[in-house]
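Note sheet for the following structure.
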Amino acid sequence: MKLVTWNVNSLKVRLPQVLQWLETNPVDVLCIQETKLTDDKFPQAEIEAAGYQVAFTGQKTYNGVAILSKHNMTDIQKNNPQFEDEQQRIIAATIEGIRVICAYVPNGQAPDSDKFQYKLKWFAALENWVREEMTRHTKLAILGDYNIAPEDRDVHDPAAWVGMNLVSPEERAALKSLIDLGLSDSFRQFEQAEKSFSWWDYRALGFRLNKGVRIDHILLSAELAKQCTSCVIDRVPRKWEQPSDHAPVIATLA
DNA sequence: ATGGCATCGCGCCGATGA
């Protein structure tokens with residue numbers, strides 16, 4: 001069983017790349033963030049033709065999330081039921097006994113901004129909801145763009161990032177608090193190359209110079225963590241023409 | 001090097017992203 005998260009930065013632009021990637025990587029579940037599409041514009045037919053069922057919730061211009069699955073999806077939940085939010089950032093479904101949560105955590109802009117406060121509030125509400133979901137589902141996975149680099153080793157140049165969002169003590173504490181519910185950062189269950197990142201700035205040769213951050217994560221409940229045999233970042237589609245600025249992260253469960 | 005780039009919107013710049 002392979003579970004993937006990928007922020008595609010506009011599914012309208014990236015649909016051909018998503019379909020191409022799925023052809024060579026016929027994974028079971030693909031969680032997508034930043035579709036940037038209203039539901040009436042969602043390319044459901046094209047995705048179903050590729051052999052995937054799909055659940056999605058979107059809005060104009062910003063945000064938007066989707067789950068593509070080779071298996072049946074039940075109990076589809078759009079957004080956090082405990083958090084009123086106009087922004088479409090969460091979709092969840094139960095797939096083969098696994099509660100799959102696809103999340104696009106707010107960016108937060110800068111630590112002194114209103115958007116940062118929204119990010120922290122949003123994230124605290126996510127934790128409260130996940131705590132509840134974990135009482136119902138021992139097999140639970142949260143995949144997404146967390147917009148948080150957990151540790152300095154997840155940042156190409158930690159000194160240059162001091163004072164920025166994505167790396168602040170508040171954000172890192174919030175992520176740690178979520179993980180402390182009993183989740184595992186699947187990427188760190190395994191030996192990984194140094195300077196492994198999942199996002200690189202389009203500007204200033206970010207990818208070529210590997211100036212990136214690791215902000216896309218797959219968190220697994222204890223039962224799933226035991227079954228996890230690998231977690232890798234696929235840098236290949238980041239090298240394609242007109243790529244997303246994020247790379248897919250793939251967890252394999254036995 | 002406070003630049004660089006990509007996407008979207010009733011576009012020709014501004015907001016947002018990370």
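What you are looking at is a predicted structure, and each value in this text was computed from that prediction instead of being measured. These values consider heavy atoms only, across backbone and side chains, with no hydrogens, waters or symmetry-generated copies.
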[atom1] atoms of [N] and [M], separation to the nearest Å:
| N | M | atom1 | answer |
| --- | --- | --- | --- |
| B/dT2 | B/dT16 | P | 23 Å |
| B/dT7 | B/dG3 | P | 22 Å |
| B/dG14 | B/dC10 | C1' | 15 Å |
| B/dC8 | B/dA18 | P | 14 Å |
| B/dA15 | B/dA1 | P | 28 Å |
| B/dG11 | B/dA6 | C1' | 15 Å |

Any residue meeting side-chain hydrogen bond (donor to acceptor under 3.5 Å, both in side chains) with [X], in chain and number order, not counting sequence neighbours:
| X | result |
| --- | --- |
| A/T94 | A/R99 |
| A/T5 | A/Q33 |
| A/D157 | none |

By ring-ring contact (aromatic ring centres under 6.0 Å, His included), which residues pair with [X], not counting sequence neighbours?
| X | result |
| --- | --- |
| A/Y104 | none |
| A/W129 | none |
| A/F42 | A/F56 |

Sequence-distant partners of A/D28, salt bridge (Lys or Arg N to Asp or Glu O under 4.0 Å), two or more places apart
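Residues passing salt bridge (Lys or Arg N to Asp or Glu O under 4.0 Å) with A/D28: none at all.
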State whether the side chain of A/K2 and the backbone N or O of A/N25 hold a donor-acceptor pair below 3.5 Å, judged by distance alone.
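Not confirmed, A/K2 side chain does not pair with A/N25 backbone.
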Both A/K36 and A/W161 contact DNA chain B. Taking the nearest nucleotide for each, which residue is further toward the 5' end?
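Its nearest nucleotide being more 5', the pick is A/K36.
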Please compare A/M164 and A/N9 by the position of their nearest nucleotide in DNA chain B and report the one closer to 5'.
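Final value for this comparison: A/N9.
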Applying a 4.0 Å non-hydrogen cut-off, can you work out what A/N7 is touching in the nucleic acid: base, sugar-phosphate, or nothing?
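Sugar-phosphate contact only.
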If you look at every strand shown and take non-hydrogen atoms under 4.0 Å, does A/K119 touch a base, only sugar-phosphate, or nothing?
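Counting heavy atoms under 4.0 Å across all strands, no contact is made by A/K119.
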Check each residue of residues 232-249 of chain A for a non-hydrogen atom within less than 4.0 Å of any atom in DNA chain B, then write out the ones that pass by number, or none.
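Here the set is A/Q242, A/H246.
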Near DNA chain B, which residues from residues 199-220 of chain A have a heavy atom under 4.0 Å away?
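Per residue number, the list reads A/W199, A/Y202, A/R203, A/A204, A/V213, A/I215.
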Classify the side-chain pair A/S177/A/E127 by whether it contains a donor and acceptor separated by less than 3.5 Å.
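There is such a pair (donor and acceptor under 3.5 Å, judged by atom type) between the side chains of A/S177 and A/E127.
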Give the table of side-chain donor-acceptor pairs shorter than 3.5 Å for residues 222-230 of chain A, with sequence neighbours excluded, one pair per line with atom names and distance.
residue	atom	partner	partner atom	Å
A/E223	OE1	A/T138	OG1	3.0
A/T229	OG1	A/T252	O	3.4
A/S230	OG	A/T252	OG1	3.4

Can you pull the contact range of chain A along DNA chain B, 5' to 3', using atoms under 4.0 angstrom from its heavy atoms?
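Nucleotide range in contact with chain A: B/dG4 to B/dA18.
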Scan residues 65-79 of chain A for pairs that pass salt bridge (charged side-chain N to carboxylate O under 4.0 Å, His left out), counting only residues two or more places apart or in two chains.
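Residue pairs with at least one partner in residues 65-79 of chain A: there are none.
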